[in-house]
Structure formats: structure tokens, C-alpha cells
Amino acid sequence: MKKILITGGAGFIGSHVVRRFVLNYPDYHIYNLDALTYAGNLENIADIEKSVNYTFIKGDIVDSEFIHNLFQQYQFDGVIHLAAESHVDRSITDPLAFVRTNVFGTMNLLNAAKTIWKDNTEGKRFYHISTDEVYGTLGSTGLFTETTPYDPNSPYSASKASSDHFVRAYGETYGLPYVITNCSNNYGPNHFPEKLIPLFINNIINNKPLPVYGDGKYTRDWLFVKDHAVAIDLVFHQGRNHETYNIGGFNEWQNIDLVKLLCQKMDEKLGRTPGESAKLITYVKDRPGHDLRYAIDASKINTELGWKPSVTFEEGLAQTIDWYLANETWLKNVTSGAYQSYYDKQYSED
């Protein structure tokens with residue numbers, strides 16, 4: 001039985017990956033390592049927690065001794081590394097937290113894998129999940145490819161760029177078998193409501209202002225999280241060693257257009273008068289170093305592995321809204337307490 005460690009498996013993307021692997025690969029044992037910080041939530045994976053091929057481990061990748069002992073104890077055959085601080089706004093407030101988790105945490109995993117696999121890398125794989133933000137910003141045209149030079153502009157993207165470089169360095173220096181993927185903005189069920197789509201769904205439900213940064217003209221490529229989980233599955237099993245694959249939704253939206261579409265869909269779902277939710281749109285002070293546009297060329301993963309998005313953005317957005325409306329208890333649980341003070345600080349109009 002293969003033993004696969006998935007880090008950050010109680011988080012947004014991680015929970016979808018854990019579920020897919022637990023259900024689709026009964027001959028694997030999946031170990032889900034998560035520190036259960038604000039974005040990690042065991043409710044995300046409650047449906048598979050009793051599966052015989054699944055084990056949850058609470059722990060922090062920043063603890064090097066703990067990580068080494070974990071690898072020594074379980075002798076993992078593969079690592080799918082998703083655990084990360086991932087919110088740009090938080091990285092501006094506390095950049096060192098991103099260095100600790102995204103750089104030192106990744107280093108601890110690399111060192112443990114290098115030590116445990118040193119005598120036999122056959123069948124082993126270290127899969128590092130990253131972001132398109134490491135490439136910096138695009139103008140009105142062009143796409144990020146796997147060979148686009150790195151040019152990070154926020155503490156978050158700089159920390160992810162650093163971790164990407166260390167993964168590659170361990171591959172070249174120590175022969176560690178790795179793959180890396182850089183994905184665009186994810187959306188879908190179980191997303192902690194600090195990112196745009198779940199934040200605005202929650203605010204519309206509660207008739208709160210919808211804080212749009214600057215003029216709202218920032219452009220992002222949106223990827224449905226379940227499609228991302230499928231891509232991760234394919235890359236883990238079929239991707240070529242020491243390769244990078246970009247995963248995008250072929251789906252660019254300016255923030256303000258996305259928000260207006262979301263308002264329209266929410267009015268329909270909630271039975272509100274058309275245009276009612278759009279009245280909640282409020283423009284707030286732009287964040288520092290805000291990248292204008294991200295867009296991914298995902299032709300490599302399409303050509304090599306046959307992956308492409310399975311849903312249109314409108315279909316994925318409808319599924320996402322339906323999930324949040326059907327899971328208001330989950331939403332209330334994750335937006336209580338510390339979330340409110342963070343929200344008030346982050347989105348003030350000053």
C-alpha cells in the first residue's frame with residue numbers, strides 16, 4: 001500500500017485533493033497533515049474521516065523535528081504539498097509568517113524527504129503546489145507559461161517563489177524526484193471567506209458592503225477547485241519528473257465584472273429584486289503592490305496529460321453559490337470570532 005502525505009489537507013484546495021485520493025485510490029493510505037490554523041477546518045473532510053485508508057495528523061510543517069520524525073515513522077512514498085499561507089492581504093500585514101510556513105516549512109519537508117529517500121527514490125515523488133503569482137503581473141495581453149521569468153510583487157508571492165526555487169534546487173542537487181504546478185485563482189465549495197468569491201457570497205447573504213479594491217479593473221484567471229483536484233491527480237501520477245505544469249481555468253474576469261455577475265446570480269438564488277445586491281458594491285483603498293493581471297497558458301498540461309476544465313465559469317459559480325447557501329452553518333462557524341476583527345481591519349474604507 002502506497003503511503004501518501006498531503007499537507008494542508010483540511011484547507012480549501014487540500015480537502016478536495018484528500019477526498020479525491022481517499023475515494024479513488026483505496027490501495028493508497030492517505031495521511032492528511034494540517035496545523036488547523038484559521039483556514040484549516042476538519043468539517044471540510046468530515047465525510048471521509050472514518051475511511052480505512054485515511055489518517056489525520058495535526059501538526060505544523062514549521063516544526064522540523066516533528067516533520068523528520070513523521071517521515072521516519074511512516075516512510076511516505078509521496079508528498080503532495082499544499083500547506084501554505086496564501087492570502088496576499090495577510091502577507092502585507094505579517095510577511096514573516098509567510099516566510100516561516102512557505103519557505104521554512106517547505107524546506108523541512110524537502111529535508112525529510114531527502115533523508116528518508118536517500119537510498120531509494122524509485123517510485124517516490126515530491127509534488128509542490130504553487131501559484132501563478134510568482135510570475136508577477138501581466139499587461140493587457142500575454143499569458144504566463146512555464147518558462148515565464150519569476151517576478152513576484154508581494155510577500156506572499158515572494159515566499160512561494162522562494163519555495164519553488166528550493167524544490168528545484170533539491171531536484172538538481174540531490175536528485176529529489178519532484179514536480180511543481182503553478183495554478184491560477186481557485187474558487188468553489190469550502191473556501192474560507194477571505195478570498196473574493198466566498199467573501200462576497202457571505203456579504204451578500206448578510207447584506208454587508210462588497211469591498212472592491214481600487215477601480216475593480218484587476219483581472220484574474222479563475223479555476224474551479226474540483227478541476228484543480230483532477231489536475232493534481234494527473235500530475236502526481238503522470239507528470240514528468242523535474243517538470244513544471246501551469247494549471248489555469250482559461251477563464252479571465254475583471255474583478256468588477258465578476259462581482260456584478262455574482263450579484264446577479266445571488267439575486268436570482270435569493271429571490272431578490274434584480275440589482276439589489278449590486279447596490280452593496282463599495283470601492284475601497286487599493287492594496288499595495290496590487291498586480292494588474294494574471295492569466296495562464298495551460299496548454300502544456302492539456303497536451304501532455306489531457307487535462308482541461310470540465311465546467312464553464314457560470315456552471316462552477318452556480319455550484320459554488322448553491323453549496324454556500326446549503327451550508328450556512330459551516331459559513332457561520334468559520335466567520336465567527338477572530339474572523340470579524342480581521343475583516344474589520346482589512347476592509348475599512350480609510
Side-chain angles (χ1 to χ4, degrees), residues 4-8 13-14 17 33 59-72 75-86 91 95-136 144-184 231-232 235-247 296-297 300-301 304-305:
I4 310 299
L5 174 67
I6 299 179
T7 70
I13 301 171
V17 175
L33 173 64
D60 196 332
I61 61 173
V62 173
D63 186 339
S64 59
E65 183 178 0
F66 167 76
I67 292 298
H68 176 79
N69 291 339
L70 201 64
F71 274 71
Q72 189 72 53
Q75 299 288 313
F76 302 117
D77 298 293
V79 177
I80 301 176
H81 177 33
L82 286 135
E85 293 283 352
S86 65
S91 81
L96 285 179
F98 286 68
V99 175
R100 285 190 291 270
T101 297
N102 298 353
V103 183
F104 291 131
T106 301
M107 287 292 293
N108 288 336
L109 292 164
L110 288 168
N111 281 328
K114 175 175 73 75
T115 300
I116 299 303
W117 298 345
K118 64 180 178 180
D119 296 324
N120 180 20
T121 60
E122 184 68 29
K124 306 297 193 292
R125 169 151 284 180
F126 190 103
Y127 181 176
H128 178 63
I129 284 86
S130 189
T131 172
D132 59 357
E133 297 190 34
V134 299
Y135 299 124
F144 295 137
T145 72
E146 288 81 0
T147 59
T148 299
Y150 276 31
D151 189 23
N153 290 317
S154 71
Y156 162 59
S157 56
S159 70
K160 290 298 289 184
S162 177
S163 63
D164 290 7
H165 290 322
F166 274 113
V167 173
R168 287 196 183 91
Y170 271 57
E172 295 303 316
T173 304
Y174 305 111
L176 190 80
Y178 76 84
V179 285
I180 297 173
T181 52
N182 297 81
C183 68
S184 59
I232 289 171
V235 172
F236 182 75
H237 289 102
Q238 301 177 31
R240 291 182 289 130
N241 265 338
H242 293 196
E243 288 289 332
T244 294
Y245 296 88
N246 282 351
I247 307 172
I296 273 184
D297 177 354
K300 180 177 177 178
I301 189 174
E304 287 193 18
L305 305 181

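None of these values were measured; they are calculated from a predicted model. Values below: every heavy atom of this structure, side chains too, minus hydrogens, waters and symmetry copies.
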How long is the gap from CG on Asp164 to OG1 on Thr181, to the nearest 0.5 Å?
9.0 Å
side-chain hydrogen bond (donor to acceptor under 3.5 Å, both in side chains) filter on Ser162, not counting sequence neighbours, yields none
Let me confirm one number: the CZ-OG distance from Phe98 to Ser157, rounded to the nearest 0.5 Å.
10.5 Å
Between the side chain of Lys160 and the main-chain N/O of Glu85, is any donor-acceptor distance below 3.5 Å?
no
Can Tyr178 and Arg125 be said to form a side chain to side chain contact (heavy atoms under 4.5 Å, CB included), step by step?
CA-CA 6 Å; Tyr178 76 84; Arg125 169 151 284 180; over 6 Å; no
Ring pair (Phe, Tyr, Trp, His ring centres under 6.0 Å) involving Tyr150 - partner list, sequence neighbours excluded
Tyr135, His165
Rounded to the nearest 0.5 Å, the CD1 atom of Ile6 sits from the CG atom of Leu82 at a distance of 7.5 Å
Locate the shortest heavy-atom distance separating Ser184 from Ile296; write the atom from each residue and the value.
N-CD1, 3.7 Å
If you define the side chain from C-beta out and look only at heavy atoms, does anything of Ile13 sit under 4.5 Å from Ile232?
yes
For Phe66, enumerate each residue passing the side-chain contact (heavy atoms from CB on, under 4.5 Å) test, keeping only those at least two apart in sequence or located in another chain.
Leu33, Ile57, Asp63, Leu70
Distance (rounded to the nearest 0.5 Å) between Ile67 CD1 and Asp60 CG:
7.5 Å
What pair of heavy atoms forms the shortest contact from Gly8 to Ala83, and how long is it?
N-CB, 3.6 Å
Going by side chain to side chain donor-acceptor pair (under 3.5 Å), name the pairs with one or both residues in residues 105-119, residues two or more places apart or in two chains.
His81-Thr106, Asn111-Tyr170
Are any of the side-chain heavy atoms of Val134 and Asn182 separated by less than 4.5 Å?
yes
Check ring pair (Phe, Tyr, Trp, His ring centres under 6.0 Å) between Tyr127 and all other residues, then give those that pass, not counting sequence neighbours.
none
For side chain to side chain contact (heavy atoms under 4.5 Å, CB included), just list the numbers for Val17 and Ile129, CA-CA rounded to whole Å, side-chain angles, deciding distance to a tenth of an Å, and then say yes or no.
CA-CA 12 Å; Val17 175; Ile129 284 86; over 6 Å; no
Under the side-chain contact (heavy atoms from CB on, under 4.5 Å) rule, collect the residues that match up with Glu146, sequence neighbours excluded.
Thr244, Asn246, Lys300
Would you say the side chain of Phe236 lies within less than 4.5 Å of the side chain of Ile80, judging by non-hydrogen atoms?
yes
Distance (rounded to the nearest 0.5 Å) between Thr101 OG1 and Leu96 CG:
11.0 Å
Closest heavy-atom pair, Ala112 versus His68, reported as atoms and distance to 0.1 Å, is CB-CA, 4.2 Å
Hey, is the main chain of Tyr156 close enough, under 3.5 Å, to the side chain of Ser91 for a donor-acceptor pair?
yes
Pairwise distance OG(Ser86) to CG(Asn102) - rounded to 0.5 angstrom
8.0 Å
Sequence neighbours left out, what passes side-chain hydrogen bond (donor to acceptor under 3.5 Å, both in side chains) with Asn153? Give chain and number order.
Asp291
Can you sort out the partners of Phe76 under ring pair (Phe, Tyr, Trp, His ring centres under 6.0 Å), two or more places apart, ordered by chain and number?
Tyr31, Phe71, Tyr74
Those residues at least two apart in sequence (or on a different chain) that pass ring pair (Phe, Tyr, Trp, His ring centres under 6.0 Å) with His237 are Phe21, Tyr25, Tyr28
What residues, two or more places apart in sequence or in another chain, satisfy side-chain contact (heavy atoms from CB on, under 4.5 Å) together with Asn69?
Glu65
Suppose we screen for side-chain hydrogen bond (donor to acceptor under 3.5 Å, both in side chains). Which residues come up paired with Glu304, at least two apart in sequence or across chains?
Arg240, Tyr245
Under the rule for side-chain contact (heavy atoms from CB on, under 4.5 Å), what residues qualify as partners of Asn120, not counting sequence neighbours?
Glu122, Lys124
Closest non-hydrogen atom pair between Ala231 and Ile247, with its separation
CB-CD1, 3.7 Å
Can you see which heavy atom on Ala158 is nearest to which on Pro152, and at what distance?
N-CB, 3.5 Å
Which atoms form the tightest heavy-atom contact between Ser159 and Val99, and what is the distance?
CB-N, 4.5 Å
